[in-house]
Amino acid sequence: MDDVVAVVVTYNAMPWIEQCLASLGDTKTVVVDNDSGDGTVPFVRDRFPDVHLVEQENIGLAAGWKRGLEEVPPSRWALIINADAWLVGDSLEHLVTVGNAHVDVAVVGPKLLNTDGSLQRSVRGFPTLWRLATEYFYLRKLGPRTELLNAFYGAGFDHASERVVDSVMGACMLVRRGAVEEVGAPDPDFFLFSEETDWMYRFSQAGWRTLFTPEATCVHVGGASHGGRLSRENLRGLLRFFHKHHGDIEAERARKLLRASLALRGRLVRGQRGAMYRDGFRWLGTGDVRSLIER
């Protein structure tokens, strides 16, 4: 499609990169590799010679998106898609059609599916202290379909209807280049997690909207490309978002809230997940927000 280019950031993506790139067809594509060590780079170079391949050190997902956007030719739209995700059928055409029909939309997100075909919930609400509390203290289980108790996860949004939302998961999103020129590129200070939330929040603040459409679908492995950097990076991303958009005091409140909730979770949950919660609790106690986000 002449009015869309694709950006794929890879990190040890060999199990999925072929299916990802094949799903893009003849779309002009740049792959930014964040120092993979699994043979991704020579495979892409050999199997997809028309793809523009960029190699760099692993300085994070948002930095990879930013570099990719700088490398692709001018276009109306940029499709940003994870290396562990692939489009189904003519979903790219559907995304572009929906985007072109809404001149105030900066981002269009498709319906995400797990590899078994089940729904992967991808609609999110912008983080607030109350929304963190409803998620991390399990309050959303009391009212999973209510705006009051589950706005963080879209208040039980059914993912079956086209609707304006706060944000969508960054595994696959069509982004208007004109909106990027106005608001700016993804913030490379976000290494992993919350980078798409920050970007869509900035779009929203500038008057742009994010739209979810079920007319396009994308399979996403989910968690496969994180390289094990889950708990602490997720917490760091949330703290960075609060610090950037709400300041020191609100970010410190978020740190304390998250730490208290992880203390509770660490007591209630056993096994590997419980150990992850306890590790997050300890990490959040090693410094203030500024020191934690700068490490």
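Only this structure's heavy atoms are used, side chains among them; waters, hydrogens and symmetry mates stay out.
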Do Gln120 and His159 have side chains that get closer than 4.5 Å, going by heavy atoms?
no
Would Leu119 and Val108 show up in the same hydrophobic cluster when neighbours are defined by side-chain heavy atoms closer than 4.5 Å?
no
Begin with the C-alpha distance, continue with both residues' side-chain angles, and end with the deciding distance and a verdict on side-chain contact (heavy atoms from CB on, under 4.5 Å) for Trp283 and Ser231.
CA-CA 10 Å; Trp283 180 74; Ser231 179; over 6 Å; no
Distance check, rounded to the nearest 0.5 Å: Arg209 atom CZ versus Asp166 atom CG?
12.5 Å
Apply the ring-ring contact (aromatic ring centres under 6.0 Å, His included) test between Phe126 and each candidate in Tyr201, Phe152, Phe203; give the one that qualifies.
Tyr201
All salt bridge (charged side-chain N to carboxylate O under 4.0 Å, His left out) counterparts of Arg282, not counting sequence neighbours
none
Rounding to 0.5 Å, atoms OG1 (Thr197) and NE2 (His245) come to a distance of 9.0 Å
Chi angles and distances behind the side-chain contact (heavy atoms from CB on, under 4.5 Å) call for Thr213, Leu211
CA-CA 6 Å; Thr213 178; Leu211 190 67; 5.5 Å; no
Give a yes or no answer on whether the side chain of Thr29 reaches the backbone of Thr27 with a donor-acceptor pair at less than 3.5 Å.
yes
Working to the nearest 0.5 Å, report the span between CG of Leu87 and SG of Cys172.
5.0 Å
Nearest heavy-atom pair of Phe212 and Ser122: which atoms, and what distance?
CE1-OG, 4.1 Å
Close side-chain approach of Trp86 to Val221, heavy-atom, < 4.5 Å
yes
Keeping the roles fixed (side chain from Arg278, backbone from Gly266), state whether a donor-acceptor pair exists under 3.5 Å.
yes
Backbone of Leu149 reached by a side-chain donor or acceptor of Thr146 within 3.5 Å
yes
Just so I know, are the side chains of Arg45 and Glu55 near enough to count as touching, which here means a heavy-atom distance under 4.5 Å?
yes
What heavy-atom pair brings Leu69 and Ala78 nearest, and what distance separates the two atoms?
CD2-CB, 3.7 Å
Donor-acceptor pair, Ser91 side chain versus Thr217 backbone, under 3.5 Å?
yes
Hydrophobic cluster membership, Leu292 vs Tyr136, 4.5 Å side-chain cutoff
yes
Is there a donor-acceptor contact under 3.5 Å from the side chain of Asn150 to the main chain of Lys141?
no
Do Ile80 and Trp199 have side chains that get closer than 4.5 Å, going by heavy atoms?
yes
Rounded to the nearest 0.5 Å, what separation is found between the CG atom of Asp279 and the CG atom of Leu262?
9.5 Å
NE2 of His220 to CG of Asn114: how many Å apart, nearest 0.5 Å?
9.0 Å
Arg121 CZ: over 12 foreign heavy atoms closer than 6.0 Å
yes
Is it possible for you to check whether Arg265 lies under 6.0 Å from the centre of the six-membered ring of Tyr138, through NZ or CZ, and within 45° of that ring's axis?
yes
Can you tell me if Asp248 and His243 form a side-chain donor-acceptor pair at under 3.5 Å?
yes
Consider only side-chain heavy atoms of I, L, V, M, F, W and Y, link residues closer than 4.5 Å, and tell whether Val183 and Val180 are in one cluster.
yes
Minimum side-chain heavy-atom gap Val98-Leu174 below 4.5 Å
no
For the CD1 atom on Ile59, are there more than 12 heavy atoms of other groups (residues, nucleotides or ligands in this structure) within a distance under 6.0 Å?
yes
Lys NZ or Arg CZ of Arg140 over Tyr153 ring: under 6.0 Å, within 45°
yes
Residue pair Leu148 / Trp130: nearest heavy atoms and the distance that separates them
O-NE1, 2.7 Å
Residues Asp198 and Ser194: side-chain donor-acceptor under 3.5 angstrom
no
Can you find a pair of side-chain heavy atoms, one from Val72 and one from Lys28, that are under 4.5 Å apart?
no
With distance as the sole criterion, is a donor-acceptor pair present between the side chains of Asp35 and Gln56 under 3.5 Å?
no
Closer than 3.5 angstrom, by distance alone: can the side chain of Arg255 be matched with the main-chain N or O of Leu284 as a donor-acceptor pair?
yes
Residue pair Asn100 / Trp77, side-chain donor-acceptor N/O under 3.5 Å:
yes
With side chain to side chain donor-acceptor pair (under 3.5 Å) as the criterion, how do Arg177 and Ser75 come out once you've worked through the C-alpha distance, each side chain's angles and the decisive distance to 0.1 Å?
CA-CA 7 Å; Arg177 297 290 289 277; Ser75 62; 3.0 Å; yes
Would you give the length of the straight line joining atom CG of Leu139 to atom CG of Leu132, rounded to the nearest 0.5 angstrom?
11.5 Å
Starting from the C-alpha separation in whole Å, work towards a yes-or-no answer on side-chain contact (heavy atoms from CB on, under 4.5 Å) for Met200 and Met173.
CA-CA 11 Å; Met200 282 175 249; Met173 51 186 176; 3.8 Å; yes
Looking at every heavy atom in both Val219 and Val88, which two are closest together, and how far apart are they?
CG2-CG2, 3.9 Å
Under the ring pair (Phe, Tyr, Trp, His ring centres under 6.0 Å) rule, collect the residues that match up with Phe190, sequence neighbours excluded.
none
Arg131/Glu147 ion pair, N-O < 4.0 Å
yes
Between Asn82 and Ala85 (side chain of the first, backbone of the second, donor and acceptor by atom type, cut-off under 3.5 Å), is there such a pair?
no
Search all heavy atoms of Ala6 against all heavy atoms of Leu24 and return the closest pair with its distance.
CB-CD1, 3.8 Å
Which atom names give the shortest non-hydrogen contact between Val123 and Val165, and what distance separates them?
CG1-CG1, 3.6 Å
Any salt bridge between Lys244 and Asp187, counting N to O under 4.0 Å?
yes
Do Ile293 and Asp189 pass the side-chain contact (heavy atoms from CB on, under 4.5 Å) test, and can you show the C-alpha distance, the side-chain angles, and the key distance before you say yes or no?
CA-CA 9 Å; Ile293 65 177; Asp189 285 342; over 6 Å; no
Between Phe137 and Leu258, is there a shared hydrophobic cluster once you connect ILVMFWY residues whose side-chain heavy atoms come closer than 4.5 Å?
yes
Is there a salt bridge (Lys or Arg N to Asp or Glu O under 4.0 Å) between Arg290 and Glu252? Walk through the geometry before answering.
CA-CA 9 Å; Arg290 283 181 178 267; Glu252 273 299 316; over 6 Å; no
Side-chain heavy atoms of Arg236 within contact of Phe191, under 4.5 Å:
no
Is the closest side-chain heavy-atom distance between Lys111 and Cys218 below 4.5 Å?
no
Mind checking whether Met14 and Phe48 sit in one hydrophobic cluster, side chains of I, L, V, M, F, W, Y counted as touching below 4.5 Å?
yes
